[in-house]
Amino acid sequence: MKKLLLLSVAAMLLFSVNVNADTVNPNLNLLNPDVRKCLIEASKSEGWKLEAVYTDKEENLVMVFGKGNETKTYKTK
């Protein structure tokens, strides 16, 4: 049952994640470990690689994905 839930969440993320380069999407709750895991898995399935995870000077969690010369950045508010 957990796998089915995880699969449905990953599918929702695939459809809701904007794949334009340099996207900052504050609508994702990156503090939730399930959201982070689904984001990583969904991005990986599309060929994106997690390049960096860090907290900025305002203590926001930032995740940077790369694919060739393109990057996507996700940041919490």
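Just so you know, residue 1 is the first one in the sequence shown, and it goes up from there.
- A distance of 10.5 Å separates NZ in Lys49 from NZ in Lys44, rounded to the nearest 0.5 Å.
- Take Glu59 and apply the side chain to side chain donor-acceptor pair (under 3.5 Å) test, not counting sequence neighbours, and it matches no residue.
- In this structure, Asp56 CG and Lys75 NZ are separated by 5.0 Å, a value rounded to the nearest 0.5 Å.
- Linking Ile, Leu, Val, Met, Phe, Trp and Tyr residues whenever their side-chain heavy atoms come within less than 4.5 Å leaves Val62 and Trp48 in two separate clusters.
- Closest of all the heavy-atom pairs between Ser43 and Lys72 is OG-NZ, 3.9 Å.
- We find the CG-CG distance between Leu50 and Leu39 to be 8.5 Å, quoted to the nearest 0.5 Å.
- With sequence neighbours excluded, the residues that form a side chain to side chain contact (heavy atoms under 4.5 Å, CB included) with Asn32 are Asn29, Asp34, Val35.
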* Under the side-chain contact (heavy atoms from CB on, under 4.5 Å) criterion, do Arg36 and Val53 qualify, and how do the steps go? -> CA-CA 11 Å; Arg36 288 193 307 265; Val53 177; over 6 Å; no
